Every structure is written in C-alpha cells, then in structure tokens.
Chemist: 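Pasting a structure here, questions to come.
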Amino acid sequence: MADSNEYAATFDLIDSDDDQRISARELERLMEVLGSPISAEQAEEAVRGIDSDGDGLISLEEFTAYMGSRRG
Ligand SMILES: [Ca+2]
Ligand SMILES: [Ca+2]
C-alpha cells in the first residue's frame, strides 16, 4: 500500500480536516503557519490556479500535478 507519491505527506499536512481536499481556508491557514499570511481572496485565487476540474477544492492529483510542474 506504499504510496510512491512524494507529495502525499505534504498534502495530508495541509489537509487539516482529512477530507482529501485542500480548501482555500486550509491554504490560508497553512500560509499563516508558514509565516507568510495571505488574504482569503488570495487563497481562493491560488486554489483556482491549481484546481483543474473546477470543483473549488484541490485534490491530491491536482496538488501533485501543480508541484510537479513547479519543479519543471
Ligand atoms: Ca480538507
Ligand atoms: Ca479540484
């Protein structure tokens, strides 16, 4: 059952309510913890940029694609 997805642990960390989706609220909280607070509007904008199926939430699949593309 080993998940080879190296981003799954990070994803779980951000997904504080364990619904397997990252919401704008969770992203906002993460940035606050990281010491780079963003507004709710900025969080929603960031989610929209990563959310490829348009459900307003980031799935592990979308998160992985985003992180992978950032690495180049
Ligand atoms: Ca969540
Ligand atoms: Ca989505």
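Remember, it's a predicted structure, so these values are computed and weren't measured experimentally. In listed order, ligands and their atoms are each counted from 1.
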Chemist: Side chains of Phe63 and Thr10, heavy atoms from C-beta outward: is any pair under 4.5 Å?
Modeler: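 Yes, at least one pair of side-chain atoms sits under 4.5 Å.
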
Chemist: For the side chain of Glu44 and the backbone of Glu41, is there at least one donor-acceptor N/O pair under 3.5 Å apart?
Modeler: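 No, the answer is negative, given that no donor and acceptor are paired below the 3.5 Å cut-off.
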
Chemist: Any chance you could lay out the side-chain contact (heavy atoms from CB on, under 4.5 Å) test for Asp53 and Glu61, step after step, and finish with the verdict?
Modeler: CA-CA 10 Å; Asp53 67 0; Glu61 197 175 42; over 6 Å; no

Chemist: Taking the Ca ion (ligand 2) as the reference point, name the nearest N/O/S atom of Asp51.
Modeler: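 Restricting Asp51 to its N, O and S atoms, the minimum distance to the Ca ion (ligand 2) goes to OD1.
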
Chemist: Below 3.0 Å, can you find an N, O or S atom of Leu57 next to the Ca ion (ligand 2)?
Modeler: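 Yes.
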
Chemist: Find, among atoms of Asp17 that are N, O or S, the one nearest to the Ca ion (ligand 1), and state its name.
Modeler: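 In Asp17, the N, O or S atom with the shortest distance to the Ca ion (ligand 1) is OD1.
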
Chemist: Restricting to N/O/S, name the atom of Asp15 that gets closest to the Ca ion (ligand 1).
Modeler: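 Asp15's closest N, O or S atom to the Ca ion (ligand 1) is named OD1.
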
Chemist: Can you get from Met67 to Met31 by hopping between Ile, Leu, Val, Met, Phe, Trp and Tyr side chains that sit under 4.5 Å apart?
Modeler: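 Yes, one cluster joins them.
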
Chemist: Which value, rounded to 10°, describes the O(Arg21)-the Ca ion (ligand 1)-OE2(Glu26) angle?
Modeler: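 Arg21 O and Glu26 OE2 form an angle of 130° at the Ca ion (ligand 1).
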
Chemist: Check for a donor-acceptor pair, side chain of Asp51 on one end and backbone N or O of Gly56 on the other, with a separation under 3.5 Å.
Modeler: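 Pair found, side chain donor or acceptor close to backbone of Gly56.
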
Chemist: Please name the atom of Asp19, restricted to N, O or S, that is closest to the Ca ion (ligand 1).
Modeler: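 Sorting the N, O and S atoms of Asp19 by distance to the Ca ion (ligand 1) puts OD1 first.
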
Chemist: For the Ca ion (ligand 2), which N, O or S atom of Asp55 is at the shortest distance?
Modeler: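 Within Asp55, restricted to N, O or S, the Ca ion (ligand 2) is closest to atom OD1.
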
Chemist: Nearest 0.5 Å, please: how far is CD1 in Ile22 from CG in Asp15?
Modeler: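 Rounded to the nearest 0.5 Å, the CG-CD1 separation comes to 6.5 Å.
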
Chemist: Could you identify the N, O or S atom of Asp53 positioned closest to the Ca ion (ligand 2)?
Modeler: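 Considering only N, O and S atoms, Asp53 comes nearest to the Ca ion (ligand 2) through OD1.
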
Chemist: Tell me the closest heavy-atom pair linking Ser16 and Arg29, and the distance in Å.
Modeler: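 In terms of heavy atoms, the two residues are closest at OG-NH1, 2.9 Å.
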
Chemist: Specify whether an N/O/S atom of Ile14 falls short of 3.0 Å from the Ca ion (ligand 1).
Modeler: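 For Ile14, the answer is no, given that no N, O or S atom comes within less than 3.0 Å of the Ca ion (ligand 1).
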
